[in-house]
> 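Submitted below is the structure of interest, expressed as structure tokens.
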Amino acid sequence: MFSNALLAWYDKNKRHLPWRISPSNPYYTWLSEIMLQQTTVVTVIPYFDKFVEKWPTIQCLAAASLDEILVEWQGLGYYSRARNLCQCAKLLAEHFPVTEEELSKLPGVGPYTAAAIASIAFGQKAAAVDGNVVRVLSRYFAITTVNPAKDVKEKLLPLLPEKRCGDFTQGLMELGALICRPKSPLCSACPLQQDCGAYALRKMEDFPQMAPKQKLPTRYTTAFILKRDDGAILLRKRPPQGLLGGMMEVPTTPWEEIPHEKKGRRVRHTFTHFHLEVDVCPHKDIRAFEGIWVMPQDLKKYALPTLMKKILKGE
DNA sequence: TGTCCACGTCT
DNA sequence: AAGACGTGGAC
């Protein structure tokens, strides 16, 4: 039986992650699930530890400002998650919903995260479909439709056990992360091998069937380092929405698909939907832009995305 | 070097 | 419904 085999495997093989505590802590579950969106476990662990050390409860986090949260979130990416987290904390401190339907109304909580929290934190029967689950089940059922996420959810629902639904959800994702990996899956160690459709065909890596990705365009900009005589550097805050919203930056020219002449150091960075090539130049006129002046040793007090850390490296 | 992970959510 | 939205590490 699917769920028994999976649960037995999970009991033996689960990783001991900082948010996997018993009894479950809904704050930990929610915070870790937001951080884990599009982000690997190894990357998330140090951020999660920092957050719960600084803000041990949802009430503590609810009292934090967005700027404080962005400073701790810097480097984790998808900064809209931090903006939604800040809003969401204030709601959750008042009332933490228990059902999938209510949870999915929260900012930053979509169908996957709502089901994950409902099952993991509250033991509800909810089908959480993330990339791991899509991979495991599209292989198990040898699903040949392109972008099979929807089919996977329908197949998953009747497999959910009455008891231990949270462990079942985590077990499925854990199996995807450790055994049913995108490349070179470890089928000999898999509790589902016997009934796996893709394994029967020996075509594991042909699933899931994904639409081909388009190639990323490159954009170009010049970034200006403005340095005062006392060593302070000019930073400014980006608009609250959109790319790197609410994060700090050095001034740049508009980011366009027109290559710039190389005058200074070159920095390359890839975003979700484009590459960026930056020409980093000192700027003589310290009055050329508005912003705040920050001493190099104080840069860590500000929320800087990785792109800006690369640009400021050595300053 | 370039591609993939990475369906997750919002608009 | 399709595009916006980061990052780093594996291969």
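By convention in this document, chain letters (A, B, ...) are assigned in the order of the sequence lines, proteins followed by strands, and residues within each chain are numbered from 1. Since the structure is predicted, the reported quantities are computational estimates derived from the model, not experimental observations.
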> Examine dT7(C): is either OP1 or OP2 under 4.0 Å from a nitrogen or oxygen in the side chain of Thr272(A)? Give yes or no.
no

> Which whole number of Å gives the distance between the C1' atom of dA1(C) and that of dC7(B)?
15 Å

> NA contact type, Thr270(A), heavy-atom cut-off 4.0 Å: base, sugar-phosphate, or nothing?
base

> Tell me which of Gln241(A) and Lys215(A) sits closer to the 5' end of DNA chain B, going by the nucleotide each one is nearest to.
Lys215(A)

> Between P on dC5(B) and CD on Gln37(A), what's the gap in Å once rounded to a whole number?
18 Å

> Can you give me the closest heavy-atom contact between Arg139(A) and Pro185(A), atom names plus distance?
NH1-CB, 3.8 Å

> Base, sugar-phosphate, or nothing: which does Gln38(A) touch, judged by heavy atoms less than 4.0 Å apart?
base

> Is it true that Phe271(A) and His269(A) have ring centroids separated by less than 6.0 Å?
yes

> For a quick test of reading the model: is some side-chain N or O of Asn84(A) closer than 4.0 Å to OP1 or OP2 of dT9(B)?
no

> Rounded to whole angstrom units, what separation is found between the CD1 atom of Ile45(A) and the P atom of dG8(C)?
17 Å

> What contact category does Val133(A) fall into here, base, sugar-phosphate, or nothing, at under 4.0 angstrom with non-hydrogen atoms?
nothing

> At 4.0 Å (heavy atoms only), tell me whether Gly245(A) reaches a base, stays on the sugar-phosphate, or touches nothing.
nothing

> Is any side-chain N or O of His273(A) closer than 4.0 Å to OP1 or OP2 of dG3(C)?
no

> Leu106(A) CG to dC10(B) P: how many Å, rounded?
9 Å

> With a sphere of 6.0 Å drawn around CD of Gln297(A), does it hold more than 12 non-hydrogen atoms of other residues, nucleotides or ligands?
yes

> Do Thr43(A) and dG9(C) share a donor-acceptor pair, side chain to base, under 3.5 Å?
no

> Quick check on DNA chain C: between Lys183(A) and Ser80(A), whose nearest nucleotide comes earlier from the 5' end?
Ser80(A)

> Between C1' on dC7(B) and CG on Leu156(A), what's the gap in Å once rounded to a whole number?
14 Å

> Identify the two heavy atoms, one from Leu235(A) and one from Met248(A), that lie closest to each other, and give their separation to 0.1 Å.
CB-CE, 3.9 Å

> For residues Leu172(A) and Leu178(A): do they belong to one hydrophobic cluster (side chain heavy atoms under 4.5 Å, members Ile, Leu, Val, Met, Phe, Trp, Tyr)?
yes

> Is the backbone of Cys190(A) close enough, under 3.5 Å, to the side chain of Gln193(A) for a donor and an acceptor to pair up by distance?
no

> Rounded to the nearest Å, what distance is computed from the CZ atom of residue Arg83(A) to the C1' atom of nucleotide dT11(B)?
12 Å

> Does the side chain of Arg135(A) get closer than 4.0 angstrom to OP1 or OP2 of dA6(B) through an N or O atom?
yes

> What nucleotide, of dA6(B), dG6(C), dT7(C), holds the atom closest to the side chain of Thr39(A)?
dG6(C)

> OP1 or OP2 of dA6(B) sitting under 4.0 Å from any side-chain N/O of Tyr112(A)?
no

> Please state whether the base of dG6(C) and the side chain of Tyr78(A) form at least one donor-acceptor pair under 3.5 Å?
yes

> Is there a side-chain contact between His269(A) and the phosphate of dG6(C), meaning an N or O under 4.0 Å from OP1 or OP2?
no

> Whom does dC7(B) pair with, Watson-Crick or G-U wobble, provided both distances fall under 3.5 Å?
none

> Nearest-Å distance, CD (Glu249(A)) to P (dG6(C))?
13 Å

> Of the options dG8(C), dG6(C), dT9(B), whose atoms approach the side-chain atoms of Pro111(A) most closely?
dT9(B)

> Got a salt bridge between Glu249(A) and Arg238(A), using NZ or NE/NH1/NH2 to carboxylate O under 4.0 Å?
yes

> dC5(B), OP1 or OP2 - any side-chain N/O from Thr40(A) closer than 4.0 Å?
no

> Select base, sugar-phosphate, or nothing to describe what Leu244(A) touches, counting heavy atoms under 4.0 Å on all strands.
sugar-phosphate

> Quickly work out the Arg81(A) CZ to dC5(C) C1' distance and round it to whole Å.
10 Å

> Separation of Glu100(A) atom CD from dT9(B) atom P, in whole Å?
11 Å

> By the 4.0 Å heavy-atom rule, please label Leu276(A) as base, sugar-phosphate, or nothing.
nothing

